[in-house]
Amino acid sequence: MEKMFDYNIMLIGFMGTGKSTIAAYLSDTFAMEVVEMDEIIARREGMSISKIFEVYGEEYFRDAETNLLIEMQARDNVVISCGGGVPMRERNVEEMHKNGKVVLLTARPETVLDRLKDDHSRPLLENHKNVDYIQDLMEKRRPKYEAAADIIISTDGKSAAEICEEMIQKLKDK
Ligand code: S3P
């Protein structure tokens, strides 16, 4: 199959905005390779993200994210599902743009809560599963997410197919 893109697609956005779902859809539809940053880091460290935070602290995890982004610059046509905190570091945003187009997925706090209410793999939301907390953190992060993005797609009430179609159209128009 021909390559869809001669660059990487970097999916960014708050936890629960659908990055992994869209990555899987792109992989199924266009045979693109997917890199799930959280999954790779957890596999390499031999422990869950929650455990990495607990044992080594958040900075250690953030450094692992930066290193993985740099590693991915040697690749193309890969869809990279970035952990929600990746664009908070300016260095990461620079690295992402070197060989990627950055796609920001957004969702309302209510949608995020609904998607993650039974999840226990996000240390930053553990014990904070309420709309106010999510909204507050989302608002704090919003300027950095928006500044990092080449294109922005709101995901509320849309199917994966609709989101991907919108994404491909917007990337073409860029
Ligand atoms: C984080 C998001 C998580 C994971 C870690 C920290 C964040 O990834 O990297 O729990 O800071 O927003 P997802 O966005 O895939 O949930």
Side-chain angles (χ1 to χ4, degrees), residues 8-27 32-72 78-96 100 102-149 151-156 158 160 163-164 167:
N8 292 330
I9 299 287
M10 322 289 308
L11 297 177
I12 65 164
F14 200 80
M15 295 166 266
T17 50
K19 299 173 300 255
S20 301
T21 305
I22 296 308
Y25 187 89
L26 285 170
S27 163
M32 290 177 74
E33 186 185 331
V34 174
V35 165
E36 275 290 339
M37 290 187 62
D38 284 351
E39 214 174 281
I40 292 193
I41 293 169
R43 199 183 321 136
R44 288 180 179 175
E45 296 293 334
M47 58 181 101
S48 68
I49 302 297
S50 303
K51 199 81 192 158
I52 297 172
F53 269 62
E54 194 187 309
V55 175
Y56 297 119
E58 181 169 348
E59 275 307 292
Y60 179 91
F61 174 72
R62 299 303 178 192
D63 289 340
E65 290 184 316
T66 304
N67 292 334
L68 184 53
L69 286 176
I70 293 169
E71 191 181 317
M72 292 315 296
V78 177
V79 52
I80 302 173
S81 175
C82 298
V86 165
M88 297 307 112
R89 262 195 193 182
E90 204 162 316
R91 168 84 195 275
N92 290 350
V93 176
E94 266 169 44
E95 300 299 342
M96 285 195 283
V102 180
V103 177
L104 171 62
L105 301 180
T106 67
R108 296 165 57 231
E110 291 81 359
T111 307
V112 168
L113 180 61
D114 191 52
R115 288 175 182 162
L116 298 183
K117 60 183 182 305
D118 299 322
D119 173 272
H120 295 288
S121 68
R122 272 93 172 178
L124 298 182
L125 293 186
E126 216 43 32
N127 307 317
H128 303 295
K129 297 271 180 56
N130 62 78
V131 168
D132 284 351
Y133 186 87
I134 291 171
Q135 182 157 28
D136 195 52
L137 185 55
M138 210 180 244
E139 283 309 315
K140 279 193 191 122
R141 287 180 166 196
R142 183 203 294 275
K144 286 191 176 158
Y145 281 140
E146 290 184 351
I151 63 166
I152 303 178
I153 301 172
S154 120
T155 65
D156 298 288
K158 291 178 192 160
I163 292 164
C164 289
M167 184 190 90

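Throughout, residue positions are numbered sequentially from 1 according to the sequence presented. Numbering of ligands and ligand atoms starts at 1, following listing order.
Scanning both residues, C164 and I22, for their nearest heavy atoms gives SG-CG2, 3.9 Å. Across every non-hydrogen atom of Y145 and G84, the tightest pair is OH-O, 2.6 Å. Contact record, A107 with R115: CB-NH1, 3.9 Å, taken as the closest heavy-atom pair. Nearest heavy-atom pair across L69 and E95 is CB-CB, 4.3 Å. Nearest heavy-atom pair, G13 versus L104, reported as atom, atom and distance to 0.1 Å: CA-CD1, 3.7 Å.
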What does the N/O contact table under 3.5 Å look like for ligand 1?
{"from": "ligand 1", "atom 1": "8 (O)", "to": "D38", "atom 2": "OD2", "distance (Å)": "2.8"}
{"from": "ligand 1", "atom 1": "8 (O)", "to": "G84", "atom 2": "N", "distance (Å)": "3.4"}
{"from": "ligand 1", "atom 1": "9 (O)", "to": "D38", "atom 2": "OD1", "distance (Å)": "2.7"}
{"from": "ligand 1", "atom 1": "9 (O)", "to": "D38", "atom 2": "OD2", "distance (Å)": "3.2"}
{"from": "ligand 1", "atom 1": "11 (O)", "to": "R62", "atom 2": "NH2", "distance (Å)": "2.7"}
{"from": "ligand 1", "atom 1": "11 (O)", "to": "G85", "atom 2": "N", "distance (Å)": "3.4"}
{"from": "ligand 1", "atom 1": "11 (O)", "to": "R141", "atom 2": "NH2", "distance (Å)": "2.8"}
{"from": "ligand 1", "atom 1": "12 (O)", "to": "G85", "atom 2": "N", "distance (Å)": "3.3"}
{"from": "ligand 1", "atom 1": "12 (O)", "to": "R141", "atom 2": "NH1", "distance (Å)": "2.7"}
{"from": "ligand 1", "atom 1": "12 (O)", "to": "R141", "atom 2": "NH2", "distance (Å)": "3.4"}
{"from": "ligand 1", "atom 1": "14 (O)", "to": "K19", "atom 2": "NZ", "distance (Å)": "2.6"}
{"from": "ligand 1", "atom 1": "14 (O)", "to": "G84", "atom 2": "N", "distance (Å)": "2.8"}
{"from": "ligand 1", "atom 1": "15 (O)", "to": "D38", "atom 2": "OD2", "distance (Å)": "3.3"}
{"from": "ligand 1", "atom 1": "16 (O)", "to": "R122", "atom 2": "NE", "distance (Å)": "2.7"}
{"from": "ligand 1", "atom 1": "16 (O)", "to": "R122", "atom 2": "NH2", "distance (Å)": "3.1"}

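Residues T66 and R89 bring a donor and an acceptor atom of their side chains to less than 3.5 Å of each other.
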